[in-house]
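Have a look at the structure below before the remarks.
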2 protein chains.
Amino acid sequence: MARSTGTPTISDVAKAARVSRQTVSNVINRPDLVRPETRRRVEGAIERLRYRPHASARRLRTRRSSTIGIRLDPVSANGISGSVLDGFLHALTERAAERGIRILLYAANGIDAELAEFRRLIDESEVDGFVVTSTTYGDRRISWLVEQRIPFVSFGRPWGVADMTDRRYRWVDVDGAAGVRMATEHVQSLGAREVAFVGWPSPSGIGEERRQGWIESCGLAPERMAELSVGVADEATEAARAVAELLDSSRPPDAFVCASDSLALGARMALVERGLELPVVGFDDTPVAAAMGLSSVSQPLSDVAEAVLELLMGPDGGVVIDDPDRLAGPTHRLLQPELVVRGEGASAREEGKETCDEDA
Amino acid sequence: MARSTGTPTISDVAKAARVSRQTVSNVINRPDLVRPETRRRVEGAIERLRYRPHASARRLRTRRSSTIGIRLDPVSANGISGSVLDGFLHALTERAAERGIRILLYAANGIDAELAEFRRLIDESEVDGFVVTSTTYGDRRISWLVEQRIPFVSFGRPWGVADMTDRRYRWVDVDGAAGVRMATEHVQSLGAREVAFVGWPSPSGIGEERRQGWIESCGLAPERMAELSVGVADEATEAARAVAELLDSSRPPDAFVCASDSLALGARMALVERGLELPVVGFDDTPVAAAMGLSSVSQPLSDVAEAVLELLMGPDGGVVIDDPDRLAGPTHRLLQPELVVRGEGASAREEGKETCDEDA
DNA sequence: AGTCGGGATTTGATCGTTCAAATAGAATCC
DNA sequence: GGATTCTATTTGAACGATCAAATCCCGACT
């Protein structure tokens, strides 16, 4: 048993502290069950031997992997806004660690590959549940996961799903409409009256929601709104072209609110080209916006991560909850974004960077 | 044993196929040891029962986690170039999956927290080794890992380490000097003669290496080189200021090669402001470069990922190699980057994007 | 016919932990 | 004083796989 070589096991600790295995286990998992004196003795032995429980042994016995799977999107698909997932992933990893939960990555090309991956990771007890991102209109993954009774939480609302309040489906999202509303009101406070909206073509849940925020706050007549609302693919060049067209029209707008930083970048390009300086606001507060000094709507990614974990495991539990009905309170949460104001009046310099070794 | 409820175990399959557990295990891990007829019978049973081996049980017994840890950098630290890590992570996850290896994320604030995390993940048998990125000058992590004999490979050379060919240290990197050389020669082929270099301030290993590529290929007199080489923090605004200064000087350069896309973006901003159209080349080929139509040096991230795994586990093994001496061939690899030409003559449109639902 | 060899398969032990139930010991109650 | 309760600890049996060694089987060789 207690071979002096190799890493120590719980039995080695038990022997050293003159107690049984189970008592050591209790010191680690249920310290309240152990007499203080005994506990100290065991803790001493743990310390002395540098004992750490073997993760796989524990997972085998408890039948819990304490691991959550999350997909890393193909880089090609996320463009500039990929950094949103990036920031979210970081926050999620940190918050999960606080609960003793690990984050396992997986890659998958296409829906079916992803469903297969869901199945495999669950069947092999590799993960207890999933965090799903980049939800689309009528996302097949959602219905599949619900149907298979696999625990998951999505970052992103169930666009195009009949009942958004279905308790079997747990989700967290950021109120995009409110974000755009804030952006619109901000440029209005700078004096703009004819605020244009640069968004995406129609079959996009997120896009429509963001546009809605503009509709609610731009204060324009319907026919004028139609003129000042454009929808283009999420690329700077596309946006630049569309914005140029608006600027060269007979009644150009006097500010631009955009559905993404890519679009905002395009708008800014078109403006610079004409030597104009009209307010532009982006969405997602990516590094590009920071680099260009563009104002942008920022998603509270750390709060989103926390909310995701709360929905998955309860307020402060470390165990994934299978049945959403066991979860007290609502099974979805809509968080408010923040507007990061840059350039113009704002003191441009807020964040201090120092490292240049950003490579590799 | 074979309770009809719950997920099936290897014993259930054995019973169904009228063989022993071990034979089933062999069908899965060493099919060559099993008689074809028996194998088919077992495979049938596996299929029928939908059996999948329990990852933790396997890991406990084999004493191998088949998992690699990688740190997710704080978002604040990586800026635009964060997408390099992003792309690498994606490639790594895909390639690792091909070898039956999983990628586990961890977060850590500061070196000491990261060393503690190394220790914990290894002691708990959570991972078999690490992939280390964002290596810095005299990186303490490297020496620590070598000292502790923990298997790892770094993406990034050992800047400031005495012996870069020390076999105990396995690394993969991209030849930045060659990349900048390609960039310089490219703008020269467009007619530029006075190519400026926009890099970072001195104590940066990567920065110096990239600058070296320019020194080797710019073909300028030493005193002229001194004039056309600038070093600023990795921010677009900083670069814009520096480039503006060069442009307004008595002998302005006629092209700009930059150490990053952030810097290239700044250079482009300064140019657009002046209505000039001089060639600018960035580095890392981030989404920003694509959005702005900037040429950029692209790192072969997928190849880097493959090389990292080869150094960690051998040409096509699925097991992390502890002792680098057991690895045939060199323990480090320097890969060549590629120049992605955009704008100007190049057909601007190559990659087709369609999704707008890039959110969340 | 007997022994050897080697491929195919089985057997028993083990990896390191936690669960569930049993036990020991002290305190409480009537 | 004896039954009862409660707290602290121990015991034996899993969890589900693989390792190492044993066994079985069949054909070949002497």
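It should be emphasised that the depicted structure is a prediction, and the values quoted were computed from it without experimental measurement. Order of the sequence lines sets the chain letters (A, B, ...), proteins ahead of strands, with each chain counted from 1.
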Does B:T9 place a side-chain N or O at less than 4.0 Å from the phosphate oxygens OP1/OP2 of D:dG16? no
The helix from C:dA1-D:dT30 to C:dC30-D:dG1: angle between its terminal axes, five pairs each, to 10°? 60°
Under-4.0 Å salt bridge between A:E310 and A:R333: yes
If you assign B:A57 and B:R21 each to the DNA chain C nucleotide with the nearest heavy atom, which residue ends up on the more 5' nucleotide? B:R21
DNA chain D contacts made by residues 25-48 of chain B, counting heavy atoms under 4.0 Å: B:S25, B:N29
Salt bridge flag under 4.0 Å for residues A:E126 and B:R59: yes
When rounded to whole Å, the CD1 to C1' distance for the pair B:I10 and D:dC19 reads 13 Å
Would you indicate, yes or no, if D:dC15 has its OP1 or OP2 atom less than 4.0 angstrom from a side-chain nitrogen or oxygen of A:R63? no
OP1, OP2 of D:dC15 versus side-chain N and O of A:T62: anything below 4.0 Å? no
To the nearest Å, how far apart are B:R61 CZ and C:dC15 C1'? 5 Å
Could you tell me how far apart B:D12 (CG) and D:dG16 (P) are, to the nearest whole angstrom? 9 Å
Residues in salt bridge (Lys or Arg N to Asp or Glu O under 4.0 Å) with B:E124, at least two apart? B:R120
In this structure, how many angstroms lie between the P atom of D:dT18 and the OH atom of B:Y51, rounded? 6 Å
B:Q22 has an atom CD; how far is it from atom P of D:dA22, in whole Å? 15 Å
Donor-acceptor pair between A:S302 and A:R95 side chains, under 3.5 angstrom: yes
Remember a base hit wins even if backbone is also touched, and classify A:R59 as base, sugar-phosphate or nothing at under 4.0 Å, heavy atoms. nothing
